[in-house]
Structure formats: C-alpha cells, structure tokens
Protein chains: 2
Amino acid sequence: MSKPTISDLARAAGVSVTTVSHAFSGRRRVDPETSKRIHALAEQMGYHPSSMARALRSGRNGTIALASSMPFAVAAGPSRLGFLMEIAASAAISALTRDLALCLIPPHPAGKGYASVGFDGVILVEPMRDDPLVAHFEQRKTPIVSVGTVPGRPDIPAVDMRSGETAAMLLDHLARQGCRHIAALIGSAPRTSQIEAEAAFRTLAASPDRLLKLSEEEGEEIGYRETLRLLRDDPSIDGIFAAVDAFASGAVRAAHELGRVIPDQLRIVTRYDGLRAKLSQPPLTAVDLHLPAVAEAAVHLLFDRIEGTSRTVAAELPELVVRQSTAVC
Amino acid sequence: MSKPTISDLARAAGVSVTTVSHAFSGRRRVDPETSKRIHALAEQMGYHPSSMARALRSGRNGTIALASSMPFAVAAGPSRLGFLMEIAASAAISALTRDLALCLIPPHPAGKGYASVGFDGVILVEPMRDDPLVAHFEQRKTPIVSVGTVPGRPDIPAVDMRSGETAAMLLDHLARQGCRHIAALIGSAPRTSQIEAEAAFRTLAASPDRLLKLSEEEGEEIGYRETLRLLRDDPSIDGIFAAVDAFASGAVRAAHELGRVIPDQLRIVTRYDGLRAKLSQPPLTAVDLHLPAVAEAAVHLLFDRIEGTSRTVAAELPELVVRQSTAVC
DNA sequence: GTAGGGAAGCAAAACGATTTGCATGAATGC
DNA sequence: GCATTCATGCAAATCGTTTTGCTTCCCTAC
C-alpha cells in the first residue's frame, strides 16, 4: 500500500516501464491512446515519479541553497531580517519557476559541515573576502553564485550590487541637501558593499577621521553608542551615512537623545530600504536595491551555471528613496 | 576527473565498496587500520558520499519544506515579513542540527504543482481551514506538521500557538489600562490564530459591532482605512486590538491623522511582536510568541513524525510585552 | 584434533527512475 | 516482391549507495 513505483504502474497498464517513462518525459513518442491510459492510471493510483531516483540518474536533485556568512541568528534577527530574508523569499519564487527548491542554510550551527544534502548550486549573500563558505562549496565542486561580488574573486559569477554607485548616490544627496560635515558608519566585515561604501566615502567626503567601521553583529546598539560619541566629539557633524540600516536606527536614537532635530540639524541616510528605514521616525532616506530583481538575477545566473555557462551580471541601478530624514524640498 | 564514487575509493584503497561503506557509516566493524587508510584516501581524493544515491536507498532526501498558504510576495513583503521569515530562519537552524535542510516553498508560483523535489516532510505555517496545501501534501503522503493548528483537523500534529490565551492576555491588558470600548481588527482568513482571537474577543469584549474582519493581504492600508472609519463612526472607542501587526501599523497612522493621542485617548495592542511593533511610534504593546522555540518545536515534531511517532505539542505561553502604546504605569 | 566463535571482508541484490540499442509489425516506395 | 522507413514498445544497463548473506581465517576451549 506504499507509494506506487514506475513498475507498479507499468504492470497495471500492461506496458513496460520504458513506455511509462517516455509517456511522462515525452523524450520519445508513445501512442496517444497508451499515453492517456497511463496518465489516467497514474492519477488514479496516486503515482508520482520518485525525485530521488530521478536525482540519482540525472545527477541533479533540484535544490539550491541560499547561504549567508553572517549567522542566521543575527542575519534573521531584527537587525538584518529584511535584507537576507527579502532575498530569500524572492529567490524561492524565482527558483520554483525553474523547478528548483530553495534551501536556507545557516552557517555551521552544529559546528560541523552540512554533508547530508548535496545542492545543485548555492547562492552566497554578500560573502566576505576569504569567506569559508566559498572554500567549502568549491571543495565540493558546487556551483557558486554570489549576491554582491566576492572580494578578490572576480572569477566567481555574481550579481554586482553596484554598491559604489549606491554610496555615491547617498553621499551626493546629502551634499546637495547642504551637509558639509558627513560621518560614515560602515560595517567592518570585508564585504564588497562595505568596501565600496568606504572607498566612495573616502573619495567623495574626504574626512577619514569621521569614518567609523563597526561590527555588523552589534547592530543598532553599536550604531547608537558610536553616534552618541561622534556627535559629542564633533558637534559640527550635520550628516550621517549609515551603510547598514541597523546602524542608522541607532543613529536616529542617539540624535533624539541629544536633542538633535532630524533633518534640520542632522541628516541621516542609509543603504537598504527595509522596514527599519520605512518605519523610522522620521522615515529614512534610503536606496531601493531592487532586491526581488537581484534575487531573480542570482537564481537565473546560478541556473545557467548549473547548465554550463558562466558570467557576471549587473543589478539594475539602485534608486534613491528620499524621505523626511533628509528633508524633502 | 569528475567526482570520485565509492567504488573509485574502494579500488584505490584495495578493498570492496562494502568495506568503504561500513568504514563511513560504522554499521559494522572494520579494522581500524583499514578504516584510517580509507578515510585518509577519501580526504585526499575529495570523496563525499552522494546524497542522491543515499536518498534513493534510504527513502529520505534530507529536506523538509516550510510553506505558508499566504503568497510569499505578501507574506514576505513588508507586511508579514517578520512572522514567516522569523520562523523560517529559526527552523532552518533547528533543521540543520538534525541534518535536515529547510526549503522555502512559495505556493504555486507558476500555477502548477511543485513536483520536482519530494520532501521528507513539511511545516505549514498558520494554515487555513481546508487549506489546499494540506490536501496537496496529504495526497503525496508527505508528513505534515503545522504551526498553529489546522482548523477542523485535530489529527494533524501541530504546535499550538495558544492564540486564544494570547488574545485574552491582550484584551485583559487593555481592560486593566482602563479601556471600556474596544474594537478588534482581525484577519478574515480562517486560520486558528484569527478564529481564536475572534472567539476571545466575543467572549471578553462583547461588542460584536466593533469587530472588523479584514483581508490580511491588504495589510497596513486596510488597517488604516478601517480604523479611520471606525474612529469617526464611534469616537468613544478607546482601545484597539489588532490581531495582525500590519493592521496595527495602519491603526496608528489613522490615530495620528485624527489627532488621537496614543495612549492617552486610544490604546493599541497587537499580537506579533515584530519589527513593526518595536519601531512604531509609539512602540506597540505586543506579545512575545517565542517564535524560535515554536520553530524548534515544529521541526522536532516533524522529525519525530518522519521517524514514526506523532502528537501535538503546546508552545510556551506567549508573554505580554507592554510598551508605550498602552501606557506603562 | 575438532568444534565453536569472532573478526574482517566480499559479492550481489536492492532502491526507482532514465536511456540506449534492438525487435516487431505495418506502411511505403519502386 | 523486396527493401526501406516509421511507429511503437521492450529488455537491460546505469546512476552510487546500503545492506544481507556468505566466506575466509584465526584463535580458543575442551
């Protein structure tokens, strides 16, 4: 009474398993009459081809993984919940349209490797330079695609997040709004987004002493602490560029606490336009990174790569979303 | 040069495949010397047992699915991003500690079924009465566990979210804070959480005309519109119980617009203590649903079910988180 | 000296599909 | 009438493991 197999079905239909297989795959002609009979019988018996047997034969199991080098507990906590999970949700949809299932894989929760499932490919979200995940999957010969290039590894296909341009856009906006003394809160992990944000800041703002590199894992709290210190040390600061949205939340809190009015006395912008930016009081000017499109591009790239080809693709240029934190004219 | 198989390894080590298999699984004794040699060679050759072959043999592929009957585009949009994805992230971690990979599966994105991958089990998040997902997986004989019981299906193992108690807790809090005229914004989909919230409201508040059932898919917008209407129609309302956090966000916006001061003139509470509740101005009193524990329980239950046993488990009792929206004494 | 038992390892049969090469019969061409 | 082609279907090999019996071989006990 357990799940019927292809031979059960073949026997019931009075044909060979070959014929049944062809009736389903369409790889060879089978008489329409026969085919119809097979399908009807399959429906009735509740036959579904075993994905595992198919996987063994074809070498593909139809799953791709989404991994972030940032611990899920952090990435999925209030802090980064938006970014990673927004990509995850979109990628899951994109994957399914290509008959792939998207698996979420936290980094080494048990300290060990995850050997149990072999994925057809993996999407790495904002990997760091020398990210152990890259080494891990390369060793297993699993095709990799990253969201945000892998620093130092131009050979790995990626969706270029255009973080340099994004940062420039935000800094330019602050300048146009009249900011003369801009401070930057940038994540200390060596991810392309943060590296390029730093480079852009150094080029455009040129006040290296107002550049703070903070641990992303400490999120809002460290953003708050450091902004407090920053504003006390140098009251002339009139703009803050936060490359991580949690830092921006912290900055807003600090500003309120010091009685600095946003945006009149202090303008704040952040990169990712997530719930934090939208719900902040006042709402934060941020950048629409077109994450659903990015996720789709990543899945597309990975799919191509699994099939053989390989290249890097650029995301649509992120768009500035001006909000009250920098004063609309 | 392609991936080495167990027979390649066996040949290289000068033993049979059986011995290699045993050396890895430990199901039977192999000489420690031999075993060491095999493992060393495996390491050197980069051998990893094929998960697909193992899956075919064992009947398990090591993946479980997480599905929500609410379209991912909605569930993962700003509106419900928190709830579903918070569970997803925690479940992914719990799953991996049991050597399972968690797949995110959006409902019918291409309109078709998802036949490509067969899961060892599935976790349904807040399913509705007669949810098509239940039928789908039951037909495929895939073990099901749900987060929040399935209305009308006490036979399906579930993590009981204790939504009745949760609602009672919130209503009781409002009453204690002095609210006399409470309105409820409840999702119209027949999910246990909403059904029980409605029942609790009818029992405790007893003003059926102030009970509004709204489409969850319209989120904040409909919460806003309806609250506006509600407060205009009946200015005596001094408390709002929103069973969906997006409704609460809308209610806050409406209150601001009408110049109703929160919490002095109007108190607002919501169920899920996500980013919305925390970042709201003022922050919303909500309930800590202990989602990571819920996710862990669901995975645990599913794991047991895959192995054979079956039962329903109750979540830890949710805890009230009092915030400014209802005035702390 | 022989029976008994444990250690170590091997060959072969699953698991459930896909795919290749071959067989059959009927239709067609000349 | 014979060769060719096409349509249909089948048997068997294959994918890479796990698992079940069987051999050996060696050691100990009586």
Smallest heavy-atom separation, B/L301 atom then B/A158 atom, equals CD2-O, 3.5 Å

Scanning both residues in full, the closest heavy-atom pair of A/A12 with A/M45 reads CB-SD, 4.0 Å

Nearest whole Å is fine: how far is [N] [atom2] from [X] [atom1]?
X     : N      : atom1 : atom2 : value
A/M52 : D/dG16 : CE    : P     : 18 Å
A/L9  : D/dG9  : CG    : P     : 14 Å
A/N61 : C/dA17 : CG    : C1'   : 15 Å
A/I6  : C/dT19 : CD1   : C1'   : 12 Å
A/L56 : C/dT18 : CG    : P     : 11 Å
B/R28 : C/dG6  : CZ    : P     : 14 Å
A/F24 : C/dT19 : CZ    : P     : 15 Å
A/R54 : D/dT17 : CZ    : P     : 21 Å

With a 4.0 Å cut-off on heavy atoms, is [X] in touch with a base, just the backbone sugar-phosphate, or nothing at all?
X     : result
B/T18 : base
A/S21 : base
B/T34 : sugar-phosphate

Please check this pair: side chain of B/R305 against backbone of B/I144, looking for a donor-acceptor N/O pair closer than 3.5 Å. yes

message = Using only atom types and a distance under 3.5 Å, with no angle test, would you say the side chain of B/T149 pairs donor to acceptor with the backbone of B/P151?
response = no

B/T19 has its side chain closest, among D/dT8, D/dT20, C/dG9, to C/dG9

Closest to the side chain of B/R57, out of D/dT14, C/dT20, C/dA13, is C/dA13

When you check the phosphate oxygens OP1 and OP2 of [N], does a side-chain N or O of [X] lie under 4.0 Å from one of them?
X     : N      : value
B/R27 : D/dT19 : yes
B/S16 : C/dC10 : yes
A/R29 : D/dT8  : yes

Per side chain to side chain contact (heavy atoms under 4.5 Å, CB included), B/I87 is matched among B/L289, B/L291, B/I123 by B/L291

Judged by nearest nucleotide, the residue sitting upstream toward the 5' end of DNA chain C, B/S58 or B/V30, is B/V30

